[in-house]
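Okay, structure first, notes after.
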Number of protein chains: 2
Amino acid sequence: MAAFPADRVEQAAWICNARGQTLTPLRRRVFEIVLAADRPIGAYDVLDMLAAERGRVAPPTVYRSLDFLVGQGLVHKVLSVNGFVACSAAARPHDAQLFICGSCGSSVEVARQLRAGLIEEEAEALDFAIESVVLEVHGRCHACRLATAP
Amino acid sequence: MAAFPADRVEQAAWICNARGQTLTPLRRRVFEIVLAADRPIGAYDVLDMLAAERGRVAPPTVYRSLDFLVGQGLVHKVLSVNGFVACSAAARPHDAQLFICGSCGSSVEVARQLRAGLIEEEAEALDFAIESVVLEVHGRCHACRLATAP
DNA sequence: GGCTGAATGTTATGTTATGTCATTCCTCCG
DNA sequence: CGGAGGAATGACATAACATAACATTCAGCC
Ligand SMILES: [Zn+2]
Ligand SMILES: [Zn+2]
Ligand SMILES: [Zn+2]
Ligand SMILES: [Zn+2]
């Protein structure tokens with residue numbers, strides 16, 4: 001198998017291939033659109049961009065591709081804004097940890113594990129089997145703080 | 001002012017009063033419905049129950065009451081299931097920390113702070129001003145694990 | 001060629017949430 | 001008393017987000 005590529009879209013294709021999956025032209029294009037947005041983007045925004053390129057596009061077309069990309073860990077769904085954002089480290093799937101600015105809409109994904117074992121401890125105490133953890137931090141980003149502070 | 005009451009609905013009324021707000025009959029009824037559900041409940045489920053009692057009810061009626069209750073910290077919005085759940089410790093507002101079972105839909109709110117300072121550290125490094133943190137843990141609860149394990 | 005399975009197209013509908021203006025009701029003040 | 005002002009609710013319409021179900025296309029394989 002070829003070496004891990006530098007371009008993020010090629011990385012995505014590589015990751016899919018390594019799993020016996022296919023990054024089809026449609027999925028690739030959707031991934032490119034999400035990637036280019038560089039912030040969480042709505043499914044219907046993706047739809048509009050696709051429609052501008054290829055005429056009428058129905059919602060399932062977009063949601064199926066997004067679901068595939070989310071399933072492969074290439075894209076994260078951002079619950080607090082009903083959006084999707086490209087993963088910054090998709091090589092191995094993980095729960096996203098996002099800092100989301102309420103002013104400009106930008107988001108930053110943090111790779112370093114932000115939780116100590118407290119959640120796992122609590123799960124143990126509850127006899128709760130963790131499957132996934134949603135962690136989304138809201139606030140104001142550096143740029144927006146500069147913009148209003150004197 | 002009267003002492004802090006034992007009943008959760010009366011507590012809610014007390015909390016509102018203490019802030020110069022009013023738990024009107026409608027808001028009180030919505031709170032009772034959310035409280036009785038003992039798990040996240042959808043806005044339109046609340047709507048249906050209200051409608052059964054008082055005839056036609058429009059969505060804004062429900063959403064306004066839910067928004068009020070969320071604003072007062074009496075109810076938490078659960079993003080991962082598009083639902084609302086009564087807060088188990090509303091006396092002072094806080095970000096919810098929820099363990100949500102994907103099998104039975106139940107949720108447990110944990111009061112003890114589940115995060116060490118790692119999120120705050122990271123925010124500091126990013127110069128990000130935190131306003132709120134969404135933490136929702138998904139998995140299988142104790143009861144559901146018992147139900148399928150031999 | 002004909003079967004099969006994956007992907008996409010197509011139509012319709014379900015689910016969640018908000019914008020806007022009208023109405024009610026209470027309180028304050030002259 | 002009577003009207004101004006504000007909070008809450010009612011009522012209507014629509015926006016925004018997401019999925020169900022079935023048809024079609026196409027490549028790989030025997
Ligand atoms: Zn990621
Ligand atoms: Zn910002
Ligand atoms: Zn709470
Ligand atoms: Zn359960």
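Please read these numbers as outputs of a predicted model, since none were measured by experiment.
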Quiz item: Which is it for B/Val134 and A/Leu79 under the side chain to side chain contact (heavy atoms under 4.5 Å, CB included) test, yes or no, and what are the steps along the way?
Solution: CA-CA 9 Å; B/Val134 176; A/Leu79 292 175; over 6 Å; no

Quiz prompt | Residues from residues 33-64 of chain A lying under 4.0 Å of DNA chain D - heavy atoms | solution =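 Close to the strand are A/Tyr44, A/Pro59, A/Pro60, A/Tyr63, A/Arg64.
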
Self-check item: Pairwise side-chain contact, B/Val30 with B/Leu69, heavy-atom cut-off 4.5 Å (strictly under)
Solution: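 B/Val30 reaches B/Leu69 side chain to side chain.
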
Quiz item: Could you state the CZ-P distance from A/Arg29 to C/dT8, rounded to the nearest angstrom?
Solution: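 In whole Å, C/dT8 P lies 15 Å from A/Arg29 CZ.
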
Quiz item: Atom CG of B/Leu79 and atom C1' of C/dT15: how far apart are they, to the nearest Å?
Solution: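 The distance from CG of B/Leu79 to C1' of C/dT15 comes to 16 Å, rounded to the nearest Å.
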
Counting just side-chain N and O atoms, does [X] come under 4.0 Å of either OP1 or OP2 of [N]?
X: A/Asn82; N: D/dA16; answer: no
X: B/Lys77; N: C/dT16; answer: no
X: A/Thr24; N: C/dA6; answer: no

Run the side-chain donor-acceptor check on residues 109-121 of chain B: report pairs under 3.5 Å with partners two or more places apart or on a different chain.
| unit_1 | atom_1 | unit_2 | atom_2 | d |
| --- | --- | --- | --- | --- |
| B/Glu109 | OE1 | B/Ser88 | N | 3.0 |
| B/Glu109 | OE1 | B/Ser88 | OG | 3.3 |
| B/Glu109 | OE2 | B/His76 | NE2 | 3.0 |
| B/Glu109 | OE2 | B/His94 | NE2 | 2.9 |
| B/Arg112 | NH1 | A/Glu122 | OE1 | 2.8 |
| B/Arg112 | NH2 | A/Glu121 | OE1 | 2.8 |
| B/Arg115 | NH1 | B/Glu120 | OE2 | 2.6 |
| B/Glu121 | OE1 | A/Arg112 | NH2 | 2.8 |

Quiz item: Taking only residues at least two apart or on different chains, which pairs with a member in residues 31-50 of chain A satisfy salt bridge (charged side-chain N to carboxylate O under 4.0 Å, His left out)?
Solution: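 Only A/Arg29-A/Glu32 qualify under salt bridge (charged side-chain N to carboxylate O under 4.0 Å, His left out).
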
Quiz prompt | Exam field: side chain B/Arg140 to backbone A/Glu131, donor-acceptor pair closer than 3.5 Å | solution =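 Side chain of B/Arg140 to backbone of A/Glu131: no pair is present.
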
Quiz item: Would you say A/Arg92's side chain and A/Gly73's backbone share a donor-acceptor pair under 3.5 angstrom?
Solution: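 Such a contact is absent between A/Arg92 side chain and A/Gly73 backbone.
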
